Engineer: 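One structure, pasted below without further comment.
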Amino acid sequence: MSLLDDYAEYQSSSAKRSNDVVRGPNSDSFAGNAAATAAAASDGFITTTLDAEDAPIFSLDTVQFQVPNKIISLTVSNDILVLVIEGAKILRIKLQEAHNIVEADIPLNPTSLRACNAFLDPTGRHLLLSTPQGENFYYYEGWDSAKPLSKMRSMEITAVAWNHMAWGTATSMPSSSTTRTILFGTHDGKIYETELRPGSGDAKAKRSDLPARCVAELPVRERVTGIAMEPFPARRKQHLVLIATGTRIYQVIGAAADLESSRPNDRLAVFESMLREGL
């Protein structure tokens, strides 16, 4: 049977169902609605309209803020707006206190920063910056300058999966400063694990030695365009990891290692076995 025959049979059966409505106390209105629905279905389109009193899903408004230089990258999380602008500067703005703008430096030649990926964690405290040249930086709220990540050189970070088990606690416990184990993807199809933490409070240190461990490589080596991980509600070790590229979406479900480990170095291989087996 051809597709045209299938469609004709579908139209015929839809019309028959609309004529077989059982009549009752409100049968006229019911039959009318059924006929209208069947007619809409036969055309393949159903018209939906918003009532006049329905609020829009979102709205756009201008902001009374003059950016001092060209915007290179922008990200928002937890009512925190972060702008990376030319001149190697970071502008951090609390949207509830828009007059209070914090400026920080990126330790680069001001004229060399032309493109940058910016990733802000769900609490708005941790900022990860990555340039196409493979220079990566970490900024934590309150710092005067971002720190180069010396152990993450020569890799362009293109996507980050934040650890929801960490920021759920951080929201209720402001003293918690670590992201715990996170995943990030790169331009060449590799997946890494790391953990962002400001350290012992020495914000004046010139660089950060946060380690990163390659835990997987995609079967088709493409740029990672998106990555996310979610724990199962009833089984905290069971995780779902989604990885997207320009042509594929990978789904991996499995058991991660113990995310509750008290030693930070033990947290850098929690997804390795799961991802290597699942990809």
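Not measured: the values here are computed from a predicted model.
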Engineer: Which pairs, with at least one residue in residues 62-78 and sequence neighbours excluded, count as a salt bridge (Lys or Arg N to Asp or Glu O under 4.0 Å)?
Structural biologist: none

Engineer: Walk me through it: do Arg213 and Glu193 pass the test salt bridge (Lys or Arg N to Asp or Glu O under 4.0 Å)?
Structural biologist: CA-CA 5 Å; Arg213 180 186 180 102; Glu193 283 186 13; over 6 Å; no

Engineer: Scan side-chain atoms only and decide if Glu195 and Thr178 contain a donor-acceptor pair under the 3.5 Å cut-off.
Structural biologist: yes

Engineer: Kindly write out the residues that satisfy salt bridge (Lys or Arg N to Asp or Glu O under 4.0 Å) with Glu156, not counting sequence neighbours, or none if the list is empty.
Structural biologist: Arg223

Engineer: Does Val215 share a hydrophobic cluster with Val220, counting links as ILVMFWY side-chain heavy atoms below 4.5 Å and allowing steps through other members?
Structural biologist: yes

Engineer: If Ile, Leu, Val, Met, Phe, Trp and Tyr residues are connected whenever their side-chain heavy atoms lie under 4.5 Å apart, and connections chain through other members, are Ile227 and Leu240 in the same group?
Structural biologist: no

Engineer: Applying the 4.5 Å side-chain criterion to the ILVMFWY set and letting contacts propagate, would Val84 and Leu108 be lumped into a single cluster?
Structural biologist: yes

Engineer: Over all heavy atoms of both residues, which pair between Pro107 and Ala146 is shortest? Give the atoms and the distance, please.
Structural biologist: CD-O, 3.3 Å

Engineer: Using ring pair (Phe, Tyr, Trp, His ring centres under 6.0 Å) as the criterion, point out the one residue from Trp162, Phe271, Tyr192, Tyr138 that pairs with Phe184.
Structural biologist: Tyr192

Engineer: For Glu86, enumerate each residue passing the salt bridge (Lys or Arg N to Asp or Glu O under 4.0 Å) test, keeping only those at least two apart in sequence or located in another chain.
Structural biologist: Arg114

Engineer: Can you name the side-chain hydrogen bond (donor to acceptor under 3.5 Å, both in side chains) partners of Thr111, sequence neighbours left out?
Structural biologist: Asn109

Engineer: Without hydrogens or angle criteria, can the side chains of Asn117 and Ser130 be said to hold a donor-acceptor pair below 3.5 Å?
Structural biologist: no

Engineer: Take His126 and Tyr140, measure what ring-ring contact (aromatic ring centres under 6.0 Å, His included) needs, and give me the verdict at the end.
Structural biologist: CA-CA 5 Å; His126 304 269; Tyr140 185 72; 5.0 Å; yes

Engineer: Identify, with sequence neighbours excluded, every residue that meets salt bridge (Lys or Arg N to Asp or Glu O under 4.0 Å) alongside Asp105.
Structural biologist: Lys89

Engineer: Going by the rule side-chain hydrogen bond (donor to acceptor under 3.5 Å, both in side chains), which residues pair with Thr245 if we only count those two or more places apart in sequence or in a different chain?
Structural biologist: Glu222

